[in-house]
Amino acid sequence: MHPPSVDALARSINDIDLPQPLLVDAARLAIASGDPESARQHAERLHRSLLGPTINATGVLLHTNLGRAQFGYSQSPRATNLEFDLMTGKRGSRSEHAGKLIAKLIGAEAAIVVNNCAAAVTLVLAALATDKGVAVSRGELVEIGGGFRVPEIISQSGARLIEVGTTNRTRLQDYVSAKESHDAALLLKVHPANYRITGFTEETSVQQLTTIDLPLVVDLGSGLLDEACSWLRDGKPSWLKEEPGAKQTLQAGADLVMFSCDKLLGGPQAGIIAGRSDLIAACSRHPLMRAFRAGGLILSALQETAIAYLRRDGDAIPFWKMVQAPLDELKDRAKALEVGTVLATNAVAGGGALPGAKIPSFGVMLEGDHAAYLRAQNPPIIARVNENTTIIDMRTISKEDDSLVSQALQKCI
Ligand SMILES: *Cc1c(COP(=O)(O)O)cnc(C)c1O
């Protein structure tokens with residue numbers, strides 16, 4: 001018997017929601033493998049490789065592989081005033097909207113938005129320290145993950161790294177010698193977001209560093225805007241502990257701060273550079289700005305997030321809404337799933353932020369490993385599996401998805 005034609009085979013699976021060329025790819029793969037019957041499987045695998053929504057039941061609020069902060073946004077398909085001044089009818093600037101609002105939120109003179117925090121750090125170093133020395137504590141020469149290593153970013157941006165102090169202790173005097181003996185032109189402080197050094201340690205604070213007459217730039221990473229957390233009903237949660245705020249870091253005397261927008265800020269993927277307007281202007285003028293600047297969709301989404309902060313409306317930001325969901329409510333929601341055993345859990349911030357910080361939560365536990373079955377649901381549900389039990393954490397699930405989760409879990413048992 002002849003194998004079926006590629007076209008006929010592709011047509012036979014056209015109930016799968018994929019464009020014709022991708023169904024044809026699946027049919028070709030199936031025929032090439034000598035198993036035409038597998039066309040549907042290939043097409044379904046292709047379908048599942050596309051980017052789409054999932055339900056994060058892991059209890060990791062900023063799950064790196066699930067897109068960090070959960071965030072939704074839509075806008076009308078119209079032209080925008082991205083770089084257009086509606087008052088004068090002349091050319092405007094893309095830092096006039098989201099950037100300006102973020103600057104206001106943290107008390108900065110100015111702010112610009114780039115693609116992520118890695119771009120923010122790279123641009124700051126390239127604009128302020130190309131061919132110059134940058135002093136960094138040996139305790140802060142960190143790898144954040146996914147190829148972001150501070151020493152490599154420094155060399156990529158054309159600056160010269162001056163290592164200061166030791167891994168566990170760095171004093172003000174170490175920075176002073178970096179300036180005097182090694183000709184440092186810039187001080188860089190990196191918030192080691194994803195690990196802790198404990199024991200015999202000493203760190204030089206932003207405040208101390210301002211006594212040195214050099215620009216001080218701080219890579220905050222996580223993007224907590226303000227330690228006061230006035231957008232939360234009960235203020236700063238205890239698990240945020242010592243997490244430095246962008247506002248407080250500037251108040252302490254940093255000249256620039258850099259941070260991500262999709263970590264503790266709870267917005268879309270972007271990076272912020274904020275602080276002294278002359279330094280921001282130098283960054284804006286640098287040729288890399290053109291390559292790093294954020295697009296209109298992101299700026300628009302970020303503006304919406306900034307407005308929610310200005311309204312002090314944490315519940316309008318999905319990340320903070322999940323953070324401040326009351327424990328009782330999570331427990332009730334877990335019970336209402338009517339499946340598995342309700343248990344107290346610990347959610348975590350994730351995203352390399354606040355290692356070890358536990359956020360009390362509730363969830364349900366099912367005997368056995370149901371991860372693959374739950375991933376096969378539509379939308380896929382991503383659960384945590386621990387010693388042959390499956391745990392569904394309510395903290396990272398939005399309430400609107402509870403019935404979907406409940407139905408999927410009922411089918412597991
Ligand atoms: C996460 C992080 C980065 C990288 O941020 P992206 O937005 O992912 O580029 C840089 N520095 C620190 C300290 C971080 O925590």
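Indexing begins at 1, ligand by ligand and atom by atom, following the structure's order. Side-chain atoms are counted along with the backbone in the values below, which use heavy atoms only and exclude waters and symmetry mates.
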Considering non-hydrogen atoms only, spot the tightest contact between Ala10 and Ala27 and give its length.
N-CB, 3.8 Å
protein heavy-atom neighbour closest to atom 7 (O) of ligand 1 works out as Ser260 OG, 2.6 Å
Nearest to atom 4 (C) of ligand 1, what protein heavy atom do you find, and at what distance?
Cys117 CB, 3.8 Å
For ligand 1, the portion of Glu140 having any non-hydrogen atom under 4.0 Å away
neither
Any side-chain donor paired with an acceptor under 3.5 Å for His63 and Gln70?
no
For Gln75, I'd like to know if atom CD has over 12 heavy atoms of other residues, nucleotides or ligands within 6.0 Å.
yes
Charged N to carboxylate O below 4.0 Å: is that the case for Asp315 and Arg233?
yes
Should you measure from each heavy atom of Arg68, which atoms of ligand 1 turn up under 4.0 Å away?
6 (P), 7 (O), 8 (O)
So, Glu202 and Asn168: side-chain donor and acceptor under 3.5 Å apart, yes or no?
no
Is the count of non-hydrogen atoms from other residues, nucleotides or ligands lying under 6.0 Å from Lys331 atom NZ greater than 12?
no
Heavy atom of Lys263 under 4.0 Å from ligand 1?
yes
Can you report which non-hydrogen protein atom sits closest to atom 9 (O) of ligand 1, along with the distance?
Ala118 N, 2.8 Å
For ligand 1, indicate whether the residue Gln269 contacts it via side chain, backbone, both or neither (heavy-atom separation under 4.0 Å).
neither
I'd like to know if Arg276 and Glu109 make a salt bridge, using a cut-off of under 4.0 Å between side-chain N and carboxylate O.
no
Counting non-hydrogen protein atoms only, what is the nearest one to atom 13 (C) of ligand 1? Give residue, atom name and distance.
His191 O, 3.2 Å
Where is the nearest protein heavy atom to atom 11 (N) of ligand 1: which residue, which atom, and how far?
Asp219 OD2, 2.7 Å
Of all the atoms in ligand 1, which lie at a distance below 4.0 Å from a heavy atom belonging to Asn116?
6 (P), 7 (O), 9 (O)
